[in-house]
Amino acid sequence: MYESLLIKNFRCFPKIAFDNLQRVNLIAGENNVGKSAVLEALWLLGTPNQPELARNLSAIRGQKHLDPEDLLSDLFHGFDTSQPASISAMGAWGDGRRSLAIRQREQSTSTNLTDKNGQSGSQDHAQNYLTTHSPLEIVFDYTDENGDLHTSTGHWLQFQGTLPQMGMFLGAQVFQEGIQAQRDTSVNLPASVYLPPSSLRELAQEDVSLYSSLEVKGQSDFVLQALRQIDERIERITAAVIKSPMLHVNIGIDRLVSVAMLGDGASRFLSMVLRFQVAQDGMMLIDEVENGVHYTKLAAVWQQIHALADRFNVQVFATTHSRECIAAAHQAFQSSSDIGIALHRIDMEQGVPAAKTYGYDGIEYVLDEGFEVR
């Protein structure tokens, strides 16, 4: 479990430190102070040999295409790639610090043109494949708690061309781009799971797989119990295939309905519950935890987070815009003696984000006094 976190030259942070991290951590603050960036930093530190995940973060933020001439420069404060971005933490594992340094470096630009048989061809060949590499690569230098260095790299790769035959279509045009990684496979860390602020459609298919795996092992009861805290009508959850696999529920009518029909709040809550098992002994990172949830159900959500963090030994980091959400979390942890909770508020101080931490009693005090904690 992480006990402190230090972020430098990353996103909007020239430098920011978080101390007294607990099993459950709320991150609050006004818009554009870096709440989501803290979760992103934690995710990268928890997956330090997977530089392609940095591309996923850009996609979640709405940047669908990479600029090969400016490879992931948005990871660096002020887009200044002359200095590495760094994320480091101390934790319950001992005195060693886990740290990740992210940097850019140049590599040679290469273009490879081949025909359908993999032989070199000319650009006017009717069945060509064109692969382009960026002149830059992103480097992840991870130092573990024992002081050992593990380096992984990623470069932008674009593939485009004409396939000679693709199903019924002749001369199908194909275009793909992404980060191709070369990773140090000796890195072995507990899982880190990141849940973005909106319900992504691609999560639905993964939800089916996760629930089905639990059901086969006879371990799915906790999922139903958790979902009933959001909608007490739910009597059963099942995976059904109509046009594609999807989770459905019985809500006491004469047919099953898809989980999506219950609304974004229930769908996202179900995705969160299912992913606690994936994050076992690791981290769960939840951006805008209250999204889609009615304020009257927030206490129930936090009671489930409390129970699941305990059951699966997961450290939770969650951002929020809602004072009601903070109050509900405080209420849910009222009788807890084994799982700690902390609120980390980010404010702008002389134009620079800075964090202030409140323990359980501190949260109670600021709520009682009416201080602004969002």
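The chain is numbered in sequence order, starting from 1.
The existence of a salt bridge linking Lys35 and Glu288 is excluded, since no basic side-chain nitrogen approaches an acidic carboxylate oxygen closer than 4.0 Å. The existence of a salt bridge linking Asp347 and Lys356 is excluded, since no basic side-chain nitrogen approaches an acidic carboxylate oxygen closer than 4.0 Å. The residues Asp74 and Arg11 are annotated as salt-bridged, a charged nitrogen and a carboxylate oxygen being separated by less than 4.0 angstrom. The pair Glu137-Arg105 meets the salt-bridge criterion, since a charged nitrogen lies less than 4.0 angstrom from a carboxylate oxygen.
Neither side chain, Ser267 nor Asp264, offers a donor N or O lying under 3.5 Å from an acceptor on the other. For the residue pair Asn25 / His344, a side-chain donor-acceptor distance below 3.5 Å is found, with atom types taken as modelled. For the residue pair Ser258 and His248, no side-chain donor N or O sits within less than 3.5 Å of a side-chain acceptor on the partner. In summary, the side chains of Asp207 and Ser271 do present a donor paired with an acceptor at a separation below 3.5 Å, with no hydrogens or angles considered.
You'll find the side chain of Tyr358 reaches within 4.5 Å of the side chain of Arg345, heavy atoms only. His150 has its side chain within reach of Ser186: a pair of non-hydrogen atoms, C-beta onward, lies under 4.5 Å apart. Residues Ile346 and Ile27 are in side-chain contact: their nearest non-hydrogen atoms beyond the backbone lie under 4.5 Å apart. Side-chain contact between Val249 and Val257: present, with at least one pair of heavy atoms (C-beta onward) separated by less than 4.5 Å. By the 4.5 Å heavy-atom criterion applied to side chains, Phe13 and Lys8 are not counted as neighbours. The shortest side-chain heavy-atom distance between Ile102 and Ile87 falls under the 4.5 Å cut-off. Between Val316 and Phe276, some side-chain heavy-atom pair lies under the 4.5 Å cut-off. Residues Leu256 and Thr238 form a side-chain contact, since some pair of their non-hydrogen atoms from C-beta on lies under 4.5 Å apart.
In this structure Gln331 satisfies the side chain to side chain contact (heavy atoms under 4.5 Å, CB included) test together with Ala299, sequence neighbours excluded. Residues meeting the ring-ring contact (aromatic ring centres under 6.0 Å, His included) test with Phe312, sequence neighbours left out: Phe222. Remark: Gln229 engages Ala300, Gln304 in a side chain to side chain contact (heavy atoms under 4.5 Å, CB included) (not counting sequence neighbours). Here Asp144 pairs with nothing under the salt bridge (charged side-chain N to carboxylate O under 4.0 Å, His left out) rule; sequence neighbours left out. With sequence neighbours excluded, the residues that form a side chain to side chain contact (heavy atoms under 4.5 Å, CB included) with Asp281 are Asn313. Residues meeting the side chain to side chain contact (heavy atoms under 4.5 Å, CB included) test with Asn32, sequence neighbours left out: none.
For Trp93 and Tyr2, the distance between ring centers is under 6.0 angstrom. Taking the six-membered ring for Trp, His77 and Phe10 have ring centres at least 6.0 Å apart.
Within 6.0 Å of atom CD in Glu235, more than 12 heavy atoms from other residues, nucleotides or ligands are found, so the atom counts as buried in its surroundings. Under a cut-off of 6.0 angstrom, the local environment of CE in Met348 is crowded, with over 12 non-hydrogen atoms contributed by other residues, nucleotides or ligands. Counting heavy-atom neighbours within 6.0 Å of Asn188 CG, excluding the residue itself, gives a total of 12 or less.
Between Ile234 atom CD1 and Asn250 atom CG the span is 9.5 Å, to the nearest 0.5 Å. Atom-to-atom distance recorded for Ser88:OG and Ile7:CD1 is 9.0 Å, nearest 0.5 angstrom. Atom CD1 in Ile237 sits 9.0 Å away from atom CD in Glu215 (nearest 0.5 Å).
Of the possible polar contacts, none joining the Asp184 side chain to the Asn49 backbone as a donor-acceptor pair under 3.5 Å is found.
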